[in-house]
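Predicted model, so just to flag it, every value in this text is computed and none were measured. The chain is numbered in sequence order, starting from 1.
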Amino acid sequence: HRSSHWLGYIFNQKVGWGQFQPFVRYQNFTPDNNIDTKKSELGVNYIIDGYNAQVSGVYSNTEVTGASDVGAINIALQVQF
């Protein structure tokens, strides 16, 4: 079983070249072997040109049954031509 929930909001006001979009995401994967994986994310996208140009910053926490939690910070740049 896999579930994913995402909630975000794009602010209408431009700041510099683009708009800010804070978001939260929660994912859960429960296979038949009873080892659950849960991932929570809190981040912000800076949307310059839709999916063609944006910068993202995300903090995530991943929990796996029987293992230590893993926290991560990711910064990403997306550019499409």
Side-chain angles (χ1 to χ4, degrees):
H1 179 263
R2 180 181 172 95
S3 65
S4 181
H5 305 281
W6 187 89
L7 176 67
Y9 179 80
I10 298 174
F11 287 97
N12 201 25
Q13 181 180 2
K14 281 197 168 196
V15 177
W17 294 322
Q19 298 162 279
F20 285 100
Q21 179 188 42
F23 67 89
V24 294
R25 179 174 23 220
Y26 176 77
Q27 300 175 64
N28 184 10
F29 178 68
T30 307
D32 294 336
N33 62 8
N34 293 323
I35 298 176
D36 293 348
T37 301
K38 300 174 185 175
K39 185 173 186 179
S40 303
E41 297 177 314
L42 176 63
V44 63
N45 295 323
Y46 181 65
I47 300 171
I48 300 165
D49 184 17
Y51 290 109
N52 292 325
Q54 59 182 311
V55 179
S56 300
V58 182
Y59 170 76
S60 65
N61 184 61
T62 304
E63 303 173 33
V64 178
T65 302
S68 297
D69 291 3
V70 175
I73 295 175
N74 294 299
I75 306 296
L77 170 65
Q78 178 174 308
V79 179
Q80 297 184 113
F81 298 99

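In this structure, T65 OG1 and N33 CG are separated by 8.5 Å, a value rounded to the nearest 0.5 Å. Put simply, OG on S3 and NE2 on H1 are 5.5 Å apart, with the number rounded to the nearest 0.5 Å. The CD atom of Q27 sits 10.0 Å away from the NE2 atom of H5 when rounded to the nearest 0.5 Å. Here the straight-line distance linking atom CG of L42 with atom CG of N61 works out to 11.5 Å at 0.5 Å rounding.
Crowding of D69 atom CG: a count of heavy atoms from other residues, nucleotides or ligands under 6.0 Å exceeding 12. The local environment of CH2 in W6 is crowded, with over 12 non-hydrogen atoms from other residues, nucleotides or ligands closer than 6.0 Å.
Ring geometry for F20 against Y46 counts as tilted: the plane angle lies between 30° and 60°, on a 0 to 90° scale.
Taking both residues in full, the closest heavy atoms of V44 and F23 are given as N-CE2, 3.6 Å, listed atom of the first, atom of the second, then distance. Nearest heavy-atom pair across G57 and I75 is CA-CD1, 3.9 Å. Nearest heavy atom pair, residue Q19 against residue K14, reads CG-CG, 3.9 Å.
Clustering ILVMFWY residues whenever any of their side-chain heavy atoms sit less than 4.5 angstrom apart, transitively, puts V55 in the very cluster that holds F81. Using a 4.5 Å cut-off between side-chain heavy atoms of Ile, Leu, Val, Met, Phe, Trp and Tyr, with links allowed through other members, W17 and V15 fall into the same hydrophobic cluster.
Considering E63, K39, K38 in turn, K38 is the only one that fulfils the side-chain contact (heavy atoms from CB on, under 4.5 Å) rule with N28.
Q80 contributes a side-chain N or O that, together with a main-chain N or O of Y51, makes up a donor-acceptor pair within less than 3.5 Å.
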With side-chain contact (heavy atoms from CB on, under 4.5 Å) as the test, would you mind laying out the steps for L7 and Y26 before giving the verdict?
-> CA-CA 9 Å; L7 176 67; Y26 176 77; over 6 Å; no
